[in-house]
Asker: 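Take this structure first; my questions come after.
Values below: every heavy atom of this structure, side chains too, minus hydrogens, waters and symmetry copies. All residue numbers in this chain count up from 1 along the given sequence.
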Amino acid sequence: QVQLVESGGGLVQAGASLRLSCAASGRTFTSYAVGWFRQAPGREREFVAVFDWTVNTYYADSVKGRFTISRDNAKNTVYLTMNSLKPEDTAVYYCAATRGGSYYADVAEYDYWGQGTQVTVSS
């Protein structure tokens with residue numbers, strides 16, 4: 001079992017940056033794919049970024065060039081650095097993990113989820 005806790009969200013102006021953290025407890029995320037997803041009001045939860053099972057990284061087209069996923073294995077923590085934030089980035093951001101699967105961007109592949117952290121970007 002893995003427990004995930006997100007932090008770092010907040011209210012920022014368009015163009016600002018934020019760094020979200022996902023801290024894991026119970027087990028390390030060795031051999032897990034670990035990703036970030038987001039859900040805006042009235043919309044489906046969508047893929048943002050991931051370390052896949054071989055620690056390759058992938059990003060949604062909407063965030064490529066602006067967001068970066070990184071990890072600190074000593075702290076058992078995954079980060080999402082978000083630059084050039086836009087109002088359309090406003091959402092609750094979740095981290096998630098899974099030991100196995102086929103497609104890194106499929107919400108249904110993930111077994112463990114954090115509680116989410118709110119990111120609000122004003123115009």
Side-chain angles (χ1 to χ4, degrees):
Q1 299 290 322
V2 175
Q3 293 79 47
L4 305 171
V5 179
E6 304 95 333
S7 62
L11 172 63
V12 298
Q13 297 274 0
S17 297
L18 280 174
R19 188 194 196 192
L20 306 183
S21 298
C22 174
S25 62
R27 291 181 178 267
T28 68
F29 43 65
T30 302
S31 300
Y32 284 79
V34 183
W36 288 93
F37 296 78
R38 66 187 182 186
Q39 188 165 20
R43 298 178 63 182
E44 297 289 322
R45 190 167 299 185
E46 66 178 1
F47 167 74
V48 176
V50 68
F51 283 109
D52 77 359
W53 298 269
T54 58
V55 201
N56 291 317
T57 59
Y58 299 91
Y59 297 90
D61 288 343
S62 59
V63 306
K64 285 180 180 177
R66 298 190 297 121
F67 291 11
T68 302
I69 189 169
S70 59
R71 62 197 293 164
D72 184 337
N73 289 333
K75 297 181 179 179
N76 213 30
T77 299
V78 173
Y79 304 96
L80 184 69
T81 301
M82 305 183 294
N83 296 317
S84 301
L85 282 162
K86 305 174 181 179
E88 52 262 46
D89 295 318
T90 295
V92 177
Y93 283 71
Y94 300 88
C95 63
T98 181
R99 294 197 69 184
S102 298
Y103 184 46
Y104 55 82
D106 187 354
V107 169
E109 297 280 4
Y110 289 80
D111 303 308
Y112 307 104
W113 293 85
Q115 85 288 349
T117 186
Q118 177 71 47
V119 172
T120 303
V121 184
S122 63
S123 299

Asker: Is it the case that more than 12 heavy atoms not belonging to Glu88 sit under 6.0 Å from its CD atom?
Answerer: yes
Asker: Taking Gln115 for its side chain and Val5 for its backbone only, find out whether a donor-acceptor pair lies under 3.5 Å.
Answerer: no
Asker: Go through the steps to decide whether Trp113 and Arg45 satisfy the test side-chain contact (heavy atoms from CB on, under 4.5 Å), and finish with yes or no.
Answerer: CA-CA 12 Å; Trp113 293 85; Arg45 190 167 299 185; 3.4 Å; yes
Asker: Identify the two heavy atoms, one from Ala97 and one from Tyr32, that lie closest to each other, and give their separation to 0.1 Å.
Answerer: CB-CD2, 4.0 Å
Asker: Look only at the side chain of Asn76 and the backbone of Ala24, and say whether a donor-acceptor pair between them is shorter than 3.5 Å.
Answerer: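 Looks like yes, one N/O pair under 3.5 Å.
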Asker: If you round to the nearest 0.5 Å, how far is OG of Ser7 from CZ of Arg19?
Answerer: 10.0 Å
Asker: Testing the basics here: between Ser62 and Arg38, what is the closest heavy-atom pair and its distance to 0.1 Å?
Answerer: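 So the two residues come closest at OG-NH2, 3.4 Å.
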Asker: For the backbone of Arg66 and the side chain of Ser84, can you confirm whether one donor and one acceptor N or O come within less than 3.5 Å of each other?
Answerer: no
Asker: Would you kindly confirm whether Val55 and Val50 end up in one hydrophobic cluster when ILVMFWY residues are joined by side chain heavy atoms under 4.5 Å apart?
Answerer: no
Asker: Hey, could you give me the CD/CD distance between Gln118 and Gln39, rounded to the nearest 0.5 Å?
Answerer: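 That separation rounds to 11.0 Å.
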Asker: Are Val48 and Val92 connected in a single hydrophobic cluster, I mean Ile/Leu/Val/Met/Phe/Trp/Tyr linked by side-chain heavy atoms less than 4.5 Å apart?
Answerer: no
Asker: If two hydrophobic side chains count as joined below 4.5 Å and joins carry through other members, does Val34 share a cluster with Tyr59?
Answerer: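 In one cluster: yes.
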Asker: Restricting to non-hydrogen atoms, name the atom on Leu18 and the atom on Leu85 that form the minimum distance, rounded to 0.1 Å.
Answerer: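 Of all heavy-atom pairs spanning Leu18 and Leu85, the closest is N-CD1, 3.9 Å.
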Asker: Going by ring pair (Phe, Tyr, Trp, His ring centres under 6.0 Å), name the pairs with one or both residues in residues 68-105, residues two or more places apart or in two chains.
Answerer: Phe47-Tyr104, Tyr58-Tyr104
Asker: Restricting to non-hydrogen atoms, name the atom on Val121 and the atom on Lys86 that form the minimum distance, rounded to 0.1 Å.
Answerer: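 The pair with the smallest heavy-atom distance is CB-O, 3.3 Å.
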Asker: For the atom pair CG (Asp52) and CD (Glu109), what is the distance rounded to the nearest 0.5 Å?
Answerer: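 Here the rounded value is 12.0 Å.
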Asker: According to a 4.5 Å side-chain heavy-atom criterion applied to Ile, Leu, Val, Met, Phe, Trp and Tyr, with indirect links allowed, do Tyr112 and Leu20 form part of one hydrophobic cluster?
Answerer: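 Both belong to a single hydrophobic cluster.
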Asker: Looking only at non-hydrogen atoms, find the nearest pair between Thr117 and Gly9 and report the distance.
Answerer: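 Between these two residues, the closest heavy atoms are OG1-N, 3.2 Å.
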Asker: What residues form a side-chain hydrogen bond (donor to acceptor under 3.5 Å, both in side chains) with Asp111, not counting sequence neighbours?
Answerer: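 For Asp111, the residues satisfying side-chain hydrogen bond (donor to acceptor under 3.5 Å, both in side chains) (neighbours in sequence not counted) are Thr98.
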Asker: Of all the heavy-atom pairs spanning Ser122 and Gln13, show the shortest one and how long it is.
Answerer: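 Minimum heavy-atom contact is OG-OE1, 3.4 Å.
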Asker: Is there a continuous path of hydrophobic side-chain contacts, each under 4.5 Å between heavy atoms, that joins Val119 to Phe37?
Answerer: no
Asker: Quick one: do Asp61 and Lys64 make a salt bridge, cutoff under 4.0 Å?
Answerer: yes
Asker: Can you tell me how far the OH atom of Tyr110 sits from the CG atom of Leu4, to the nearest 0.5 Å?
Answerer: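 One gets 11.5 Å once the value is rounded to the nearest 0.5 Å.
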